[in-house]
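Structure first, then comments.
Ligands are counted one by one from 1 in listed order, and the atoms in each one are counted from 1 as well. Being a predicted model, the structure only gives us computed values, none of them experimental.
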Amino acid sequence: MKIGVLALQGDFEAHSQRLAELGAEPVEMRYASQLRKVQGLILPGGESSTNIILLEREGLWDELLEFAREKPILGTCAGAILLASHVSNPPQPSLAAMDMSVERNAYGRQVDSSIRTIEPEPEFAERTASGSLEAVFIRAPIIRSIGPQAKPLLRDGEEPILVEQGLHLAATFHPELTADTRLHKLFLDKVRST
Ligand code: GLN
């Protein structure tokens, strides 16, 4: 199963490694033509504003909008910001593939990075495996609200940190930076069933 990992900027190599560990074939994506050959796509962490500039420059923006209508995308951190329908702090364009509102860099300077232990929602545990999860946050956004179609699968207190809507998953943390492959596995399950 071929999975694209957007490789214009940011933290894409660790995603490729996690995918390979799970038996999928990662394809580092830099051109629009590569999109047609993959069954799912990961939008990695990095700097979402820089990614937007590069996506437009490479002619990938419109292709991504089309891809999002047909195939699953997992967005992590900056990738989740790209998927959201509304972005603040500051506002910027997005693919709007998921009905949610995100605030960039929402943890502020004092706690701009942290590792937190999360107890999964029952559905996440059922679809993957039970047990707590270490979530790495790096200048992360906070999901401020989600629409009726979006479902939180992981929360940190009240705040959703992993949301599913239709084909897509958005996580505000970096699942590729820990050895826990449950989130990638969940994504591959979605790709397989699409
Ligand atoms: N702060 C970045 C942004 O707003 C996201 C950080 C990350 O992806 N680790 O785009």
As a test of understanding, state which of Ile138, Ile142, Asp112 forms a side chain to side chain contact (heavy atoms under 4.5 Å, CB included) with Tyr107. Ile142

Residues [X], [Y]: salt bridge by 4.0 Å N-O rule:
| X | Y | value |
| --- | --- | --- |
| Arg18 | Glu176 | no |
| Glu63 | Arg36 | yes |
| Glu66 | Arg69 | no |
| Glu123 | Arg127 | yes |

A student comparing Gly46, Cys77, Ala106, Pro141 should find that the heavy atom closest to atom 2 (C) of ligand 1 comes from Gly46

In this structure, are over 12 heavy atoms from other groups packed under 6.0 Å from Glu28 atom CD? yes

Against heavy atoms of [X], which atoms of ligand 1 measure under 4.0 Å?
| X | value |
| --- | --- |
| Ile138 | 6 (C), 7 (C), 9 (N) |
| Gly45 | 8 (O) |
| Ser48 | 3 (C), 4 (O), 10 (O) |
| Ile81 | 3 (C), 4 (O), 10 (O) |

Please work out, at 4.0 Å between heavy atoms, whether the side chain, the backbone, both, or neither of Thr76 comes within that distance of ligand 1. neither

Please indicate whether any nitrogen or oxygen in Ala140 is less than 3.5 Å from any nitrogen or oxygen in ligand 1. no

Which protein non-hydrogen atom lies closest to atom 1 (N) of ligand 1, naming both residue and atom, and how far is it? Asn105 OD1, 2.6 Å

For atom 4 (O) of ligand 1, find the nearest protein heavy atom and state the residue, atom name and distance (0.1 Å precision). Arg104 NE, 2.7 Å

Under the 6.0 Å and 45° cation-pi test, does Arg116 pair with Phe137? yes

